[in-house]
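These notes are about the structure you will find just below.
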There are 2 protein chains.
Amino acid sequence: MSKKNREKDLELIAFGITLKNIRKEKGYTQEQLSDYSRIDRSFISELENGEKAPTLLTLISLAKALRIKPSMLMQILEFELDKLTQK
Amino acid sequence: MSKKNREKDLELIAFGITLKNIRKEKGYTQEQLSDYSRIDRSFISELENGEKAPTLLTLISLAKALRIKPSMLMQILEFELDKLTQK
DNA sequence: GTGTAGACTGGCGTCGACA
DNA sequence: TTGTCGACGCCAGTCTACA
């Protein structure tokens, strides 16, 4: 549809917030998470800022590295998304 | 690396099974799900057969079309994945 | 420790068609 | 109704580098 005004998707913003929060709770740096998940650090940075959309496999890799279930990650994402859409 | 005989990822197989099961439970055809989610029908077919990996946005679109929470979809995926890895 | 930019490769996702 | 095929655009994801 109207992709002219490329504003970032709220889902990606919510995912970024979720990822960053969990990472910090676990006390990891982006670089450590990159090592554990084998996802490029610069890409993790972009994910946390809601600039890119991960694939399912990337999502699962990150969840594993964070020792959290993907479904739990999605639950938190939904929670963050609610907060964003209520504003 | 370089697996000549590209065996499919178990995660994608599990996702495909999950997607197909939920779709059938809702009584949708691939074409109907395609209309609701605005994902190409041929791509949905490939997803159900574990041949492709969806992005997070595609995953959420499909979940919405199926009137199920993404976190619930992931829970079922984890269940199916357990069944696959136990064999 | 993080954000970003550029260049690059592979694969996500679309479209049309046919069994 | 679904699987698959070919063609293709665009973006996921990598890598290097710098503030």
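Letters go in sequence order (proteins before strands), and every chain restarts at 1. Side chains included, hydrogens not; waters and symmetry mates left out as well; all remaining heavy atoms used.
- B/Thr18 places a side-chain N or O within donor-acceptor distance of the main-chain N or O of B/Ala14, the cut-off being under 3.5 Å.
- Nucleic acid contact for B/Ser45: base, since at least one base atom lies under 4.0 Å from a heavy atom of the residue.
- Separating the CG atom of B/Asp35 from the P atom of D/dT2 is a distance of 12 Å, rounded to the nearest angstrom.
- The distance from the CD atom of B/Glu11 to the CG atom of B/Leu81 is 5.5 Å, given to the nearest 0.5 Å.
- Atoms NZ and CG, from B/Lys26 and B/Leu33 in turn, are 11.5 Å apart once rounded to the nearest 0.5 Å.
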Assign a letter to each nucleotide of nucleotides 13-19 of chain C from its 5' end: B, base within under 4.0 Å of a protein heavy atom; S, sugar-phosphate only; -, no contact. BBBBB--

Run A/Leu59 and A/Met74 through side-chain contact (heavy atoms from CB on, under 4.5 Å) and show every step you take. CA-CA 10 Å; A/Leu59 184 91; A/Met74 293 304 291; 4.3 Å; yes

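- Between A/Glu51 atom CD and C/dG3 atom C1' there is a gap of 8 Å when expressed in whole angstrom units.
- With rounding to whole Å, B/Gln30 atom CD is found 8 Å from D/dG3 atom C1'.
- Rounded to an integer number of Å, the gap from CD of B/Glu31 to C1' of D/dT1 is 8 Å.
- Dashed line: the shortest gap from a side-chain N or O of B/Gln32 to OP1 or OP2 of D/dT1 is not under 4.0 Å.
- Defined by atom type and a distance below 3.5 Å, a donor-acceptor pair is present between the side-chain atoms of B/Thr58 and B/Thr55.
- Following rounding to the nearest Å, B/Phe15 (CZ) and C/dC12 (P) show an atom-to-atom distance of 12 Å.
- Here the C1' atom of nucleotide D/dA12 and the CD atom of A/Glu11 are 17 Å apart, to the nearest Å.
- Here B/Phe15 contributes atom CZ and B/Leu62 contributes atom CG; the two are 5.5 Å apart, rounded to the nearest 0.5 Å.
- Here the P atom of nucleotide C/dG1 and the OH atom of A/Tyr28 are 15 Å apart, to the nearest Å.
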